[in-house]
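It should be emphasised that the depicted structure is a prediction, and the values quoted were computed from it without experimental measurement. For the single chain, residues carry numbers from 1 onward in sequence order.
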Amino acid sequence: QGDGAEVVLRVVDAGGGALADIPVELLIRRGSALRPTAAGDRRRGATDARGDAVFAGLEADLRVEVRVRSPRHADRVVAVPSRLQAGERIDLGVITLAEGGSVTGRVYGLDGAPAAGVPVLAWSPLMNPKGGNALAARAAAMRRGTRDEDARETVTDAEGRYRIDGVGEGQILVRARPARAPQRERRGLECVASEVLSGVDFQLIEGWALAGRVLQKDEVPIVKATLFINAQGEGALLGRLLDASGSEPDAITDTEGRFRIEGLDPELSYRIAASATGFVDRQRIQVPKGPGEGLTIALDPAPYVEVR
């Protein structure tokens, strides 16, 4: 084992029976990061015939969490309470998985016909049924993974139908995410273990696209500027937290400084942030609602700092 730390655990069902071949993921957070920042910070494994999983050779001074995801059981995330120590063996003990519920429904296109190939995602409760600290729960959701890591996901079939299993009990969020139309979501739905929540349907609507340019003060285009757009208004904050990855922008400017962001919701307002190497970031820029002449964003050069 050397000086590497080791994390071990056992996964069982509600009756205490060992669960074999269950995917287990170790999430590593370095420094003050809220979530893993590199591909190597996610280590994947699976339980053996006894339900055991082992992660060995871990660096000291890391903060780690373990995510257990079974096809039909609700997810479990268990955090190691302190930073890893060299040569330490941490036994997380027995992790019991509860039976999950299922969500089914259909997605309909702009013409009212069934929409095939539309991704549908479901997030388990961020708060327990008796309440809790909402902000802490949201922060914990961000820590547990990037963008869609916490969601159960599927794609609609030729008839627009979908089914998602292994959803945690309690109030859930379900979202249809078409490629070029505004995403639709249903929140506050009550999911019950071992039962099917049916009729969670979505009607897609026509969206609009924001086009614009990012320029220097002298109107010289800025190439490869990154843009992040945020929805404003009731219900927008939680959705953005669930989507936030901190790494993938909504758009990147081309050689003429132009960008285009599609699938914006006509019912929401938006703010946008722009950044580029060598320039001062601009945050919380109000986006004109609906298609128009486009948005021009000017960035100032970053102050020059001489390093001696």
Side-chain angles (χ1 to χ4, degrees), residues 29-39 41 119 121 135 138-139 141-143 145-151 175 177-185 205-307:
R29 293 186 285 124
R30 300 178 184 274
S32 59
L34 288 177
R35 50 193 180 277
T37 55
D41 290 346
L121 302 90
L135 291 179
R138 293 174 182 181
M142 291 184 69
R143 286 199 304 271
T146 61
R147 187 160 294 204
D148 301 330
E149 294 288 337
D150 289 327
R175 176 177 292 162
R177 184 178 289 166
R180 295 184 178 274
Q183 61 186 14
R184 301 281 84 193
E185 65 179 39
I205 64 173
E206 186 172 0
W208 62 281
L210 172 67
R213 300 184 75 189
V214 180
L215 308 173
Q216 302 182 39
K217 287 295 185 180
D218 53 4
E219 297 192 355
V220 173
I222 298 177
V223 181
K224 294 184 178 180
T226 57
L227 298 108
F228 295 84
I229 195 162
N230 288 275
Q232 306 295 307
E234 184 179 358
L237 174 61
L238 179 56
R240 184 59 184 175
L241 285 175
L242 288 171
D243 285 344
S245 69
S247 60
E248 296 184 9
D250 295 296
I252 300 175
T253 57
D254 62 15
T255 55
E256 296 182 346
R258 299 185 185 278
F259 68 89
R260 182 179 178 87
I261 302 174
E262 299 183 333
L264 299 183
D265 193 326
E267 300 174 0
L268 296 176
S269 298
Y270 293 88
R271 287 178 178 171
I272 196 168
S275 64
T277 302
F279 295 87
V280 178
D281 295 351
R282 287 194 61 188
Q283 305 284 340
R284 303 174 66 83
I285 303 168
Q286 191 66 46
V287 174
K289 196 166 187 178
E293 298 180 358
L295 177 67
T296 299
I297 301 172
L299 298 184
D300 294 323
Y304 174 75
V305 178
E306 183 177 358
V307 179

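The main-chain N or O of Glu256 is found under 3.5 Å from a side-chain atom of Arg213 such that the two form a donor-acceptor pair. Of the possible donor and acceptor atoms, none in the side chain of Ser275 sits under 3.5 Å from a partner among the backbone N and O of Asp281.
Scanning both residues, Val280 and Pro301, for their nearest heavy atoms gives CG2-O, 3.7 Å. Scanning all heavy atoms of the two residues, the minimum distance from Tyr270 to Asp265 falls at OH-N, 2.8 Å. Contact between Pro266 and Pro182 at its shortest, heavy atoms only, is CD-CG, 4.1 Å. The shortest non-hydrogen separation linking Gln183 to Pro178 is CA-CD, 3.9 Å. Of all heavy-atom pairs spanning Ala181 and Ile205, the tightest one is CB-O, 3.6 Å. Listed here is the closest heavy atom pair of Gln283 and Ala273: OE1-CB, 3.3 Å.
To the nearest 0.5 Å, atoms CZ (Arg177) and CG (Leu121) are separated by 5.0 Å. Distance check: Ile252 CD1 to Phe259 CZ gives 12.5 Å after rounding to the nearest 0.5 Å. To the nearest 0.5 Å, atom NZ of residue Lys224 and atom CG of residue Asp254 are 11.5 Å apart. Here the CG-CZ distance, from Leu227 to Arg260, works out to 14.0 Å after rounding to the nearest 0.5 Å.
Put simply, the residue from Ile272, Asp250, Ile261 that forms a side-chain contact (heavy atoms from CB on, under 4.5 Å) with Phe228 is Asp250.
Arg180 meets the side chain to side chain donor-acceptor pair (under 3.5 Å) test with Glu262; sequence neighbours excluded. By the salt bridge (charged side-chain N to carboxylate O under 4.0 Å, His left out) test, Arg271 is found to be paired with no residue, residues two or more places apart in sequence or in another chain being considered. In this structure Arg282 satisfies the side-chain contact (heavy atoms from CB on, under 4.5 Å) test together with Ile285, Ile297, Leu299, sequence neighbours excluded.
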Quiz item: Can Leu264 and Ile229 be said to form a side-chain contact (heavy atoms from CB on, under 4.5 Å), step by step?
Solution: CA-CA 10 Å; Leu264 299 183; Ile229 195 162; 4.0 Å; yes

Exercise. Take Ile222 and Leu215 through the test side-chain contact (heavy atoms from CB on, under 4.5 Å) and record every step on the way to the result.
Key: CA-CA 5 Å; Ile222 298 177; Leu215 308 173; 5.6 Å; no

Exercise. Could you check Asp300 against Phe279 for side-chain contact (heavy atoms from CB on, under 4.5 Å), going step by step and ending with a plain yes or no?
Key: CA-CA 6 Å; Asp300 294 323; Phe279 295 87; over 6 Å; no

